[in-house]
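Notes to accompany the following structure.
Along the sequence shown, residues carry numbers from 1. Quick caveat: nothing in here was measured; it's all calculated off a predicted structure. Note that ligands are numbered from 1 as they come in the structure, with each ligand's atoms numbered from 1 the same way.
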Amino acid sequence: MRRIAVIEKDKCNPQGCGGYLCIRVSPGNRMGREVFVVGPDGKAQVNEEICTDAESITVKKCPFGAIHMVKLPEKLTEKPVHRFGVDGFSLFSLPVPVFGQVNGILGINGIGKSTAVKVIAQLLQPNFGLAAAGKADGEKKPVDKLIQMFKGSEAQVFFEKVRDGKIKVSMKPQAVDAIPKTFKGTAMQLLHKVCGDNKKIAAVAESLDIGNVLETGINQVSGGELQRIAIAAAVLKSNANVYLFDEPTSYLDIKQRIKVSSFIRELAKPEIAVVAVEHDLIVMDYLADSVHIMYGEAGAYGISSKPRPARTAINTYLEGYIREDNMRFRQHEIKFEAKPPKKAISKESLVKWGSIGKKLGTFRFKIAAGELPKRHVIGVLGENGLGKTSFVKMLSGEIKPDNGEISANVRISYKPQYIHSTEPGDKRVTDMLARAQSDAQLMAKLELEPLLLKKVSELSGGELQRVMIARCLAEDADLYLLDEPAAYLDVEQRIAVSKLIRERMDVHGKTALVVDHDLLLIDYISDLLMVFEGQPAISGEANGPFEMEAGMNHFLKSLDITLRRDKDSNRPRINSPGSRLEREQKAEGRYYYS
Ligand code: SF4
């Protein structure tokens, strides 16, 4: 069985581990061999060819979890498509787009999704592991090697088209928040850079609801607006026949997610292929015709499965086992219950409020009288710009209502929506998690151990989110307020966080209020639901908490979508517009399954 040894350079912190701990403790190094050395970049480097099983102890000793020693699946005989350096991440296959379809890519963070997309977009020249290992790369061009590598498959045809100049790719990158760092100007000026046709720009802007921000500076629009401007820029690029969208729904609320998904779906034509990387399972199911599952070990290697119809692929992903390849890529199956046991709603109230109102600039919102019962999870749904976060801040005491009162004489633990701005960059995670470190469940479920010695400024969005969730849940409080805990998390982390919040509230008999746009997460954790409606940034109104069925019916009706459970996996799915099921459920007023 082939084995690879990898050092994740962005995790390797030689000063943090007390000075190349791996070199000092490696059994191979102690016997005089240079298994671990200092690489040219000052980080540790591992010599894979002389790395033996004995080094598993070195892997465990690295406090940052930077070293991987992994046995590759037996069936994996081919060379990597790309390897980052002699001891870096290897990508073994590619999710090659099929024309006429939306091709989804599903997988955890660090498994190579963005790398694969960059190879397809020709933004990254694959090195087939050769250049990375310092070996001669031969005379052949990378594209010819790809053609040879994928001989006899759809991918061969795709790369022949690339070679013949018949593929023109347009890509919406993952990190839209980087755009204001490189572009100064209005949204319109940005769109003009890719398209000179004002009519076309206006039509796309209308479809994506960004007409009102076209003259606004890129550095002044919200995250959701920036995401839609970036999608518009990708779509307006002329003559593209392959569109790649890397995480197109981050920062978007549910209404926008559905709208953007429908818009992206319409791009796929017999001569046009669309690829989308997405972590929201309900959106992926709605958006994609077929899905490639990417699996392997995060930070070490990634493999792309063949495409499957979206429904089958998502169920296979949840099962963690690809039957045709006899490949188990996760030890446990992710399960949903057909009908979760209904919990009797507690009569004891934890927090109560009368009708309250608040004006913030020109935006006004009101909250109908309500209460949070003890020992429940209350989900909060609604479009962006309707006052959800302001309501959470009122509960936390951060802002006061203009009229009406909240009786909340309770201990509150609060995870805010914007996590970057709240912590100094040079603070260490270990100092932020003083309480959480004695909580084995939190540390394990949120995989926090390798992050402890890192500084806040060194954390990725997903890592910081996990740290902030842990810090919030570790507090001894009566009410836990979590504003958008799914942001930046991959699909498995979202499910893990959902289970964690649910279990902790049940076991400790506590109450949580959770705002999120991931419908699957809210559906999974909530006993009750608050719904925000209105005109974004103008006026908002909140009602509830309702019982789940009533709240979801109300909310889904406002979005004009219906939900059913998948008959095999029980996961929630949006019914196709105009389908028999949708018509039946709408006729019965049953937007949500009961
Ligand atoms: Fe230290 Fe781990 Fe980097 Fe080795 S790999 S130098 S143990 S941080």
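C12 SG, 2.4 Å is the protein heavy atom nearest to atom 3 (Fe) of ligand 1. Of the protein's non-hydrogen atoms, C62 SG, 2.4 Å is the one closest to atom 2 (Fe) of ligand 1. With hydrogens left out, the protein atom closest to atom 1 (Fe) of ligand 1 is C17 SG, 2.3 Å, a heavy atom.
Which parts of ligand 1 touch F64 is read off a 4.0 Å heavy-atom cut-off, strictly below it: atoms 8 (S). Against a heavy-atom cut-off of under 4.0 Å, N13 is close to the following atoms of ligand 1: 3 (Fe), 8 (S). Every atom of ligand 1 is numbered from 1 in the order shown, and the set under 4.0 Å from a heavy atom of Y20 is 6 (S).
For the pair R494 and Y524, the NZ or CZ position fails the cation-pi test of under 6.0 Å to the six-membered ring centre and within 45 degrees of the ring normal.
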Dump the intermediate steps for side-chain hydrogen bond (donor to acceptor under 3.5 Å, both in side chains) on Q331 and Y321, then the final yes or no.
-> CA-CA 9 Å; Q331 286 316 310; Y321 176 62; over 6 Å; no
Could you go through the salt bridge (Lys or Arg N to Asp or Glu O under 4.0 Å) check for D483 and K415 one step at a time?
-> CA-CA 6 Å; D483 199 349; K415 189 215 69 81; over 6 Å; no
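The aromatic rings of Y243 and F245 lie parallel to each other, with less than 30° between the two planes, well short of the 60° mark.
Using a cutoff of 4.0 Å between basic side-chain nitrogens and carboxylate oxygens, R330 and E492 are scored as salt-bridged. K454 has a carboxylate O that lies under 4.0 Å from a charged side-chain N of E463, or vice versa, which qualifies the two as a salt bridge.
By the criterion of a heavy-atom distance under 4.0 Å, the side chain of I67, and not its backbone, is placed next to ligand 1. Of the heavy atoms in C22, both backbone and side-chain atoms come closer than 4.0 Å to ligand 1.
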